Each structure stands twice: as structure tokens, then as C-alpha cells.
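Small disclaimer: the values here were computed from a predicted structure and weren't measured.
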Amino acid sequence: MAVPTFVDRVTLHVAAGRGGNGVASVHREKFKPLGGPDGGNGGPGGSVILRVDPQITTLVEYHHSPKRRAEHGGQGAGAHRNGGHGADLVLPVPDGTVVSLRDGTVLADLVGGGTELVIAQGGRGGLGNAALASSKRKAPGFALLGEPGEELDIVLELKVVADIGLVGFPSAGKSSLIAAISRARPKIADYPFTTLVPNLGVVTAGDTTFTVADVPGLIEGASEGRGLGHDFLRHIERCAAIVHVIDTATIEPGRNPVDDLDVIENELSRYGGLEDRPRLVALNKVDVPDGSDLADITIEDLRARGLTVLPVSAASGAGLRELTFAMAAIVEASRAATPVAETKRIVLRPAGADGGDDFTITATHDGWRVRGTKPERWVRQTDFSNDEAVGFLADRLNRLGVEDRLVKLGAEEGDTVLIGHPDNAVVFDFKPGMEAGAEMLGRRGEDQRFDESRPAARRRRAIDELMDDRVEGETRADVARRLDRPAGPTSYEIGTAEDPDWAEDDPGE
């Protein structure tokens, strides 16, 4: 199997680093038995950053390694020691890379050396119990979990950034022309489709230096997938001008320069978006006697269309100086009309489908479903093995107004409350009036509000027992639906706790 050397479209899975967990610790020192909480915060996870590198010309590296993950943050420690920051993962991409989602939604168009895109933000570290201490909760026996980093699939699509794009039929001499006017050395042979990838060359004409790219494989029907044009037409979208390279010495019957020009222009028109680009016509191979005669016959007809037509020969060099200076004039005019792009760092903040910073409550057949950035974040950051942490979560939800809105909507004690996405929602039994109001007395890590009967905990254990016997593709929510939900008053208790993640430190709420 051949190994590709030029790749202009890849699907990449990126995952930012998880934030480190906070730690619950108590200061211990001789003659100071009540030293107070001193647990440090977890460190933030590393982000995944796309950075334009002008030295990179292909996406082949990501074709071979399509999964990339940044470093996780370090866990906190006692004595107020915070965890270390996870290192960012910087992925170099070529100039002109378009970043989009699988559904085609374009996220960014990266143009200009050094331009950066934070495609996946690292998770924040969890707060330690020292940061969670307050006048009401002087010695928390719990800490918050670290936030998971963002994780998504993206599509990288390269659109070559060149000033001039050469288009034409196979074997029209585009590669030979680039080799003649620059130091590029593309593969050249006497059969069609010799060039399988776009070639770039740097050309200097007077005081102007510009890049030229040839687009391989354009034939009639290229815009519909014939030849190679469907794959490479995108590479002329950024060109300031288009140069038609027309073979005046072709031996194929029925072809002539005018018809060749019309065929390629028709494909460009059907591809779309290129109508405003200036055109030049290079009648190539005039060093061949028949080619010179045919160029003389058709040159006036082409100029009558308002086109700048130049007879050239990539083999002998005839007309190449005039052609390069004509290209340079177009490039200078385009650059003068285009503002200089500044290097910038882009951070994506896509709008979520979770209700935003506020929250929404919807009655479903499974129970009352709560969606919102804060409720879901607080649930993910909670250590449900610690009763005191669960009580802290109940207080936060109460202060946010979740309980009051549930009561207004008609929720009753014992009703099922689901917080989060349907695929991995956390299930509670609703019981109003849960706010602690002061530090709870008892053993560290316990909350006396949870000493009563806990049907939600029993339900969770029942679900755990059935998870081993679930059928392929069945989620935890599907297993939960097979159980009869318990009725009767109970406290906020965890029903399921898959992927206990969180998204932001917010101990004050």
C-alpha cells in the first residue's frame, strides 16, 4: 500500500487534558491540633492548540496519527500545594487550513504564520478544601473534582495559499512552466495525470516575489468528480489570479485553444466563487512549429474576449519574462487592496445545548430534567462517595433556584429529578428544604441529612447490579428505565454517576 506524501484533508480527534482533583487535607503541627484545612487545588489540564506554521505544507502527519491528547493537570496536595499545570499540545498546520466539524460547520480559517486556534480548552483544576472553607463551613471534609478537557472530532482541510493558480488540461505544461520560472522541481512526464498533488513555486519578478501553484487533473466534469479536479479545485480559492495554461501542440483530435479555455472556464464556473479573479492566458509550447502557428491563429480571438494572452514556451523560455511580470502586476494590485492580516489567537466558545448559565426544567416521562451550565458543572465536580460533598451540591442547587422552580412546576417529594444530558444524567429523588445553613457536626466527610432512608441509593445499587447484564448498546439510562422507581420522601441522593466531571470552580454558589 502506497504511503501518501501529500494529504490535504484529515479527520482529527483532539482531547484536552483533564484538570487535577483538589485534595481534602487538615494542617497538622505539634501543639496545633486544629490547624484548619490546607488542601491545595488541582492544576488545569493542557489545551490543544492549532498553530499556523509556514514551513508545513501538508497534513500527512495527522493522516498517520489522527488522535491527539494534551497533558493532564496535577492533583493538589496538603500544605496548600497546588497541582502542576498540564502542558499545552501545539499542533502545527499549514497556512490556509480550514477547521470544521464533521457536519460541515466551519470553526475557523487559519491564514497567516503564527495564527493560533485553541480548539480544545483544558479542564480547570478542582478546588481543595482550603479554598472551599467559609464562615459556615470552616473545615470542609471534601474537595472538588477536576474538570475534564474538551474532546471533539474536527476536520482539517488545506486550501493552498498561493498568489497565482495555474489551471489547464493534463499535459498542458503546468508543471514544466513552474519548473521554468521557479526552483520547484515537480515530476514531469509525457503522459496525462503525471502531477497528482498541487505543486508550489516561488517566483521573483523585479521587486515582487510571489507563489505559483498548479492544480492537477482538470478535465471536463472535474467539478463533478472526474479526474482529480474534484479533490484539488479548492486549492485555487485563495489565488489572486488564475492563469490558463493551454497546450497549442496537442495531438489529441478535436481540441483547440479556444475550446480548451471554454471547458476549463465552465468547470471553474460550476465550482463557483472564482468569477472575480483576474485571468491570464498562456499559450504554451510555441517552440513547436505547429504550436506556434496555432497560437498565431487563435491569439486575436482570445484577446477579443478581453483576456491578456501571452505566447510562451516552458521548454525554450520564450515569453516567460513577460508572463512573470504580468503575474507580478496582478499580485501587487491584489496585495495593495488587501489589508495585512494580523497574527491572532482564537479561543472557541461554542454555545452549548444545556440551557446556558441559567437552567431549564422540563417534565419528561423519566422525571423532571434539569439542563444548564451551572447545575451540570456542579454535578460533574461532585464526589458522590462523600456525603458532605453531596450536601454542598444540594445547597448550591437550592441557592441557584432549582428547588423553587421545581416546586412552582408541580414537583412533589419523591419525584425523580435528572440533571444533565439524557445519555448520562444524574438521578436524584426530590426533597425540598435541604439547605444546611451552617457547618454540619459529625464525622468528617459525612452529612447528617443523609442518615435517613435513601431509596435513590438503593436504586443506584440495583442499577449497578444490572449493568453487567445489559445488552450491547444499552446505556445506563436504559437500564434505569427497567427498574420501578421508588416512591416516598428522601433526600438529594445520587442515582447514577457516570463520568464525574465539572467545568468551572465556583465555590461561592
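Scored by the side chain to side chain contact (heavy atoms under 4.5 Å, CB included) test, Ser65 finds Arg68 as partners (sequence neighbours excluded). In this view, Thr362 and Thr364 satisfy the side chain to side chain contact (heavy atoms under 4.5 Å, CB included) rule, not counting sequence neighbours.
Between Asp163 and Arg335 a salt bridge is recorded (basic side-chain N to carboxylate O distance below 4.0 Å). Ionic pairing of Glu376 and Arg371 is present here: one or more N-O contacts between side-chain nitrogen and carboxylate oxygen are shorter than 4.0 angstrom. Arg51 has no carboxylate O lying under 4.0 Å from a charged side-chain N of Asp88, or vice versa, which leaves the two without a salt bridge. The existence of a salt bridge linking Asp395 and Arg137 is confirmed by a sub-4.0 Å separation between a basic side-chain nitrogen and an acidic carboxylate oxygen.
To the nearest 0.5 Å, the span separating CD1 on Ile119 from CG on Leu12 amounts to 9.0 Å. Remark: Thr382 OG1 to Ile419 CD1 distance equals 9.0 Å, nearest 0.5 Å. For the atom pair NZ (Lys408) and CD1 (Ile361), the distance works out to 10.5 Å, reported to the nearest 0.5 Å. Of the inter-residue distances, the one linking Ile164 atom CD1 with Ile242 atom CD1 reads 9.5 Å to the nearest 0.5 angstrom. Put simply, OH on Tyr62 and CG on Leu50 are 7.0 Å apart, with the number rounded to the nearest 0.5 Å. The distance from the CG atom of Asp153 to the NE2 atom of His13 is 6.0 Å, given to the nearest 0.5 Å.
Without hydrogens or angle criteria, Asp404 side chain to Gly401 main chain gives no donor-acceptor distance under 3.5 Å. Remark: side-chain polar atoms of Glu150 are paired, donor with acceptor, to backbone N or O of Gln121 under 3.5 angstrom. Between the Asn386 side chain and the Gly141 main chain, a donor and an acceptor come within less than 3.5 Å of each other. Looking at Asn21, its side chain does come within 3.5 Å of a backbone N or O of Gly146 through a donor-acceptor pair. Formation of a donor-acceptor pair under 3.5 Å by the Thr115 side chain with backbone atoms of Val111 is found in this model. In this structure, the side chain of Arg28 engages the main chain of Val26 through a donor-acceptor pair within 3.5 Å. In this structure a side-chain-to-backbone donor-acceptor pair under 3.5 Å is missing from Ser47 to Ile49. Under the 3.5 Å distance criterion, the side-chain polar atoms of Glu151 are left unmatched by any main-chain donor or acceptor of Ala15.
Here the side chains of Thr416 and Phe428 are not in contact, with every heavy-atom distance at 4.5 Å or above. Residues Leu117 and Val99 are in side-chain contact: their nearest non-hydrogen atoms beyond the backbone lie under 4.5 Å apart. Within the 4.5 Å cutoff, the side chain of Leu101 has heavy atoms near those of the Leu107 side chain. In this structure, Thr373 and Trp378 have side chains that are not in contact, with every pair of non-hydrogen atoms separated by 4.5 Å or more. Inter-residue side-chain proximity for Pro92 and Ile56 is flagged as met; some heavy-atom pair is nearer than 4.5 Å. Val203 has its side chain out of reach of Thr211: every pair of non-hydrogen atoms, C-beta onward, lies at least 4.5 Å apart. The shortest side-chain heavy-atom distance between Ile178 and Leu166 falls under the 4.5 Å cut-off. Leu59 places a side-chain heavy atom less than 4.5 Å from the side chain of Pro94.
When all heavy atoms of Arg405 and Thr360 are compared, the pair lying nearest together is NH1-CA, 4.3 Å. Between Glu388 and Ala139 the shortest heavy-atom distance is OE2-O, 4.2 Å. For the pair Ala70 and Gly46, the tightest heavy-atom approach, listed with the atom from each and the gap, is CB-O, 3.3 Å. Shortest non-hydrogen contact noted between Ala425 and Gly420 is CB-O, 4.1 Å. Summarising the geometry of Ala120 relative to Val14, their closest heavy-atom pair is CB-CG2, 4.3 Å, with the distance given to 0.1 Å. Residues Arg470 and Met467 come closest through the heavy atom pair CG-O, 3.0 Å.
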Distance-only criterion, 3.5 Å: show the donor-acceptor pairs between side-chain atoms of residues 80-87 and protein atoms not counting sequence neighbours.
unit_1, atom_1, unit_2, atom_2, d
Arg81, NE, Gly78, O, 2.8
Asn82, OD1, Asn41, N, 2.9

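Under the 3.5 Å distance criterion, with hydrogens and angles disregarded, a donor-acceptor pair is assigned to the side chains of Ser25 and Asp38. Between His27 and Glu29, the side chains place a donor N or O and an acceptor N or O closer than 3.5 Å (distance only, hydrogens not considered).
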